[in-house]
Amino acid sequence: MLEFILMFIIIVSAILALIQSDLLKAAILTGFSGGAIAVLFQILLAPDVALTQAIVSAAIVPVFIALAVKKTRRDDN
Amino acid sequence: MKLYDKFFNVAKRFKQIFTSGSVTNSEVSGILTAELLLIVSIILLVVLIRHVNILLCGVMTLLVAIILIANMPLIPKFKVEQEDSLNKMLFYSIITLSIIIIFIYWGGNFV
Amino acid sequence: MAYTQLAVLLTSGLLVIIGLFAAIFIDNIIKKVIGISFIEEGVNLFIIAIGYKTGGVVPILIPGMDKSWFATNAAYPLPFGLVLSSIVIGASSLAVMFAIVMVLYKKYGTLKTSVMLADHSHGSVNDE
Amino acid sequence: MMNEWIPLMVVIPMLCAVIVSAFNKWSKPIKILVVIVAICIPIIPLIAQYGIHYFGGYAPMIDTVTGILYHPSITYIFNILQKIFIFVLGIVTFLVVFIYVNKYKKASGQYLFLIFMGTSSATALLLTDDIFNMFVFFEILALVQVGIVAASRLEGNFEMALRYLILGAIGSPIMLLGIGFLLATTGSVNITDIVSAIQNATISVKSPIFLMSCGLIFFGWLYASGLPPFHTIKSGIYSKAEPHAAALLQCFTVISMISILLIMYRIFHVVEFFELLVVIFSAIAMILGITLALTQTDFRRMIGFLAVGELGFIGLGIGLYTQFAITAGLFQALNEMIITALLFLGFGAIVYTTGETDTRKLGGLLQYHPKVGLMILLGGLAMAGVPPLNGFRSKLMLIQASLSCGYPELSLLAIIVSIATFVVFVKMFYTIFLRPKPKELEISKNDLPRSMIFAMGILLIMIVVIGICPNIVTYGISQYVGGILL
């Protein structure tokens, strides 16, 4: 059952990240989606990929986005 | 004489849209060559349809030739579509992707 | 749980479509890049789902395991190796994109793609 | 037998790139190291023997149940085609590095890192027999090109780099998706294994997954090679890179185009309409490239579009899929690498002396730089296909090939586009060199660096030698094509 919940989280947080007007929230939601994918990888029998994905997608990519937002602007226009 | 005038309006239209300085001889010759090259080569590409059906090829060639010559200053219209804008590039690349997929998928299944 | 693989494939397809939609239709450049990262993640998820085997085990051979049982039951490990390098490449290209976005923001003062990455060649000719 | 020279062709430039970027501070030792490595790169393929290299030493093994040969490791194949192309790539890399080292007092380690990384990954693309390895190096090559464009100090380079990166970030996951589909049907990423699986009919040619993967990888190839719809961005990045780097960038483009196209042919030539698709896209690239080149006023952009148009000739030759036509296409690829590199370097000399790229503001340069003028003239004639230069040989072969395949329309198209190329070139030469010099034009630096003249001279010698005796190249390519592909 867990995997279906995870898939739901992935899709919903991806959509929410894209309709957010605050870009910092979008960064956090991207991290949610990436972390859920990492757990899904663990369920799909790929623990090594899950570790990498957890580091890259749930931590590094949101930090990149947050940095870019901090150096530019936070609102969506 | 209408067609002739139309032909030499190409350079004038081009100048209006894209440049601010004076138009030189070499530029006019370049644009006219481009215009002719575009018409001739597109018609030549259409002739490739003869490998499918000869009658269709004749009809299509005439049709394309008429359409191209009727819209004579082609280059200004054509160049607007070939800009450096990212949105246009993305649009055309996605269109191409869908055309390729449709073409290969249906073409591969039905022959 | 036989539907797991199918559901994962569907999810990856949806992620790719969401990402493509964002990359084409959203004007904000940072959101465009986020969309691109979704495309990459969707493709990775798809490739991982190929290697999945229902009721299988993790493809690590632990001493004492029966080899023929392992060969029939382990998931296919080749796609996992591919995804590892693909994740790293995707993250690095994302980093480059954000770096260039920061540079361009200083120049234009906006995140709109239709301003930032429009065709600037005619404008510069007219200004001179 | 293992052949240790083959991985060295990839490893040496990559190692040099890493060293150079790590020891950025010491400018002088870096320059010496870089020139030595740049001399080594074209020499290694000449002394290496033909063969196959299995990484990790895992030789192919036979499945005892089904009797099919499997390749468990990443495989590199080195043959005469790879030898010729790696040699030419090495020559161009050497010339570019040589010009760079002479032009700037302080060598930038990062810039040289990009150049060597690009050479290394282009070499790997030629050598590899593994479709995922191909994808990895294709991605690295795209990032390297972005880096080279972003490192130039020209107006608008960052915008162009970001455009290329975003388009690439859509093109390459789609290609990876295609590779994933292929992996799902065959369970392998080794191209030889995939091809044997198709020949043994273990996978259906008409299955939707296989067809889908063909379309997706084809789209990735369009991005890698800059055919339409990516022709504007490709010419854009040529024009926003520094001229000597642009000479290298077009080499990367040509190499990734032919290597991915040959890989696709080995896998997908069973798909209906695949050849037709390649030919159509190449023909459109020819038309669009030359038409847009005729309407440009910036001469770097003009050469960029000309280079894209010439790519169409390569695709046309390979798309016709006979031994003679593929030989002609590959020969054209080789010639284009050399000729376009010469043109980019020559126009780089003009940018160097005048600081101006707009053809409307240039003129009368022949009396200042007659040598450069002569070399550019010869390069342009070679590109337009004037005998006895090398462009003539390959274009003649292409026209003969399309005639003998029963497509006289395509040979007519090739002739017309060649003539238009000539028009572009004559127009450019007239406006830059022949017509009277405008009063506002200032020639700031009258002395050209010797290294530029030297580099152009070497490329010109190659053009003339290949033009006079094309057999040194075409015989080997023809043998390779007959042995491997058909």
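Chain letters run A, B, ... following the sequence lines, proteins first, then strands; residues in each count from 1. This structure is a prediction, so every number in the text was calculated from the model and none was measured.
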Quick one: which of C:Val33, C:Ile30, C:Val83, C:Leu94 has the most heavy-atom pairs under 4.5 Å with chain A, could you say? C:Ile30

Answer key: most heavy-atom pairs under 4.5 Å with chain A among C:Leu10, C:Ile26, C:Asp27, C:Val57 is C:Val57

Compare every heavy atom of A:Ser33 with every heavy atom of C:Glu41, then report the nearest pair and how far apart it is. OE1-OG, 4.1 Å

Minimum heavy-atom distance between A:Phe64 and C:Ala91, given as atom pair plus value: CE1-O, 3.9 Å

Is chain A contacted by the side chain of C:Thr11, its backbone, both, or neither, given a heavy-atom distance below 4.5 Å? both

So what's closer than 4.5 Å to chain C heavy atoms on [X]: side chain, backbone, both or neither?
{"X": "A:Leu29", "result": "neither"}
{"X": "A:Leu40", "result": "side chain"}
{"X": "A:Val49", "result": "both"}

Heavy-atom check, side chain of [X] versus side chain of [Y], under 4.5 Å:
{"X": "A:Leu23", "Y": "C:Leu111", "answer": "yes"}
{"X": "A:Arg73", "Y": "C:Tyr105", "answer": "yes"}
{"X": "C:Phe38", "Y": "A:Thr30", "answer": "yes"}
{"X": "A:Phe41", "Y": "C:Leu45", "answer": "yes"}

With a sphere of 6.0 Å drawn around NZ of C:Lys107, does it hold more than 12 non-hydrogen atoms of other residues, nucleotides or ligands? yes

Measure the [atom1]-[atom2] distance between [X] and [Y] for me, rounded to the nearest 0.5 Å.
{"X": "A:Leu44", "Y": "C:Ile50", "atom1": "CG", "atom2": "CD1", "answer": "11.5 Å"}
{"X": "C:Phe98", "Y": "A:Ile65", "atom1": "CZ", "atom2": "CD1", "answer": "4.5 Å"}
{"X": "C:Gln5", "Y": "A:Glu3", "atom1": "CD", "atom2": "CD", "answer": "12.0 Å"}
{"X": "C:Leu104", "Y": "A:Thr72", "atom1": "CG", "atom2": "OG1", "answer": "11.5 Å"}

Heavy-atom pairs under 4.5 Å with chain C, option from A:Thr52, A:Val56, A:Leu18, A:Ile10 with the top count: A:Leu18

C:Lys31 side-chain N/O to A:Gln20 backbone N/O, donor-acceptor pair under 3.5 Å: yes

Interface residues of residues 12-22 of chain C facing chain A - heavy atom cut-off under 4.5 Å: C:Leu14, C:Leu15, C:Ile18, C:Ala22

